[in-house]
Amino acid sequence: MSKVKIYGISASNIPWQERPEGIKNAPVWRYSENPVIGRNPAKGIARIFNSAVMPYEGAFIGVFRGEQVNGIPYIYLGRSKDAIHWEFDEEKIPFKDESGNDFMPKYAYDPRLVKIEDTYYIIWCQDFYGAAIGMAKTTDFKTFTRIENPFLPFNRNAVLFPRKVNGNFMMLSRPSDSGHTPFGDIFLSESPDMVYWGKHRHVMGKGEEWWENLKIGGGAAPIETSEGWLLFYHGVTGTCNGYVYSIGGAILDIDNPSVVKYRCENFLLTPEEWYEERGFVPNVTFPCATMQDAETGRIAIYYGAADTYVGLAFTQADEIVDYIKTHSVVSASDTEIGKR
Ligand code: BMA
């Protein structure tokens with residue numbers, strides 16, 4: 001029984017492996033059979049990475065960033081009985097506009113999947129006269145209706161909260177540039193209706209610590225816990241050989257999520273394995289989803305590896321919350337409400 005309580009969607013059949021002996025740093029360990037999705041996973045798709053999954057009807061469903069063999073990314077639906085072996089639809093997700101007409105983005109990448117009340121939302125990055133956030137909703141994973149783009153370009157890494165807070169939908173995002181964005185902080189926006197977004201607040205900036213000293217971005221949808229919103233995000237540093245993407249952790253205030261209560265000064269996971277260090281873009285670990293089990297506190301983290309593979313890692317709510325709190329360093333810009 002986990003001491004830290006987890007609220008929201010929970011499933012006891014998520015993948016799990018016990019913590020191996022000998023972990024010296026953060027209590028996060030990789031699935032021994034990683035990567036769970038390898039190269040050329042489906043016809044016409046060269047690589048799947050940076051993808052989001054969730055429990056669905058006793059099994060699992062996911063939205064996957066599929067890099068087509070022409071190099072253009074799109075989002076594909078996948079299903080699995082065990083959340084490890086996946087089958088992908090051959091066709092891209094057929095997005096429609098609100099009148100039911102085809103409405104496909106020019107490209108789409110880094111999808112997140114979040115259930116709020118009875119609706120599943122997919123949030124991704126796409127062209128809107130520049131890189132920006134696209135959104136769609138579905139209730140049955142058959143019909144996918146695009147909704148208004150929430151923000152102006154340039155913006156990436158949008159992550160919805162799994163419930164309304166103070167009566168409004170909440171979304172994290174990371175304003176960016178049109179290229180590889182050598183800067184970036186996480187902001188929070190809210191909306192009464194998923195159309196109009198405002199009350200923008202700064203949540204947290206790139207870190208003091210070297211592993212996240214270039215930019216940060218939201219990762220998995222925040223997990224509601226008795227300690228606050230547990231957020232797995234990515235932090236980036238620039239080296240003479242390019243960017244390195246690690247996974248970080250923070251806990252946001254439950255009623256005012258622009259306020260950071262705890263922020264771990266250490267990365268939770270950083271590229272170390274061959275599938276993280278070697279691929280289309282080396283040295284990338286990029287979380288897009290977690291699944292959790294409230295009873296045991298088990299958390300499964302899904303992350304893109306080297307823009308080529310999907311990796312799976314595990315942690316446990318009590319341990320990760322304790323680690324983040326024990327190693328927390330917050331700055332004034334983290335703990336303030338984020339309004340100037
Ligand atoms: C970011 C995004 C991610 C990608 C990362 C590393 O800007 O485009 O999709 O994983 O770069 O290439």
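All ligand and atom numbering here is 1-based and tracks the order in the structure. Being a predicted model, the structure only gives us computed values, none of them experimental.
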**Asked** With sequence neighbours left out, what residues match K339 under side chain to side chain contact (heavy atoms under 4.5 Å, CB included)?
**Response** R201, I337
**Asked** Do D293 and R298 sit within salt-bridge range, that is, some charged N less than 4.0 Å from a carboxylate O?
**Response** no
**Message:** Does either side chain, that of R156 or that of T181, offer a donor lying less than 3.5 Å from an acceptor on the other one?
**Reply:** yes
**Asked** Cut-off 3.5 Å, side chains only: do T138 and D140 have a donor facing an acceptor?
**Response** yes
**Prompt:** Quick check, are the ring centers of F267 and W210 under 6.0 angstrom apart?
**Reply:** no
Between the protein and ligand 1, are there any N or O atom pairs that come within less than 3.5 Å of each other, and if so, what are their names and distances?
from, atom 1, to, atom 2, distance (Å)
ligand 1, 9 (O), N50, ND2, 3.1
ligand 1, 9 (O), R65, NH1, 2.7
ligand 1, 9 (O), D110, OD1, 3.0
ligand 1, 9 (O), D110, OD2, 2.6
ligand 1, 10 (O), N50, ND2, 2.9
ligand 1, 10 (O), D307, OD1, 2.6
ligand 1, 11 (O), Y245, OH, 3.1
ligand 1, 12 (O), D307, OD2, 2.7

**Message:** Count I, L, V, M, F, W, Y as connected when their side-chain heavy atoms are under 4.5 Å apart, and connections chain through other members. Are L312 and V310 then in the same cluster?
**Reply:** yes
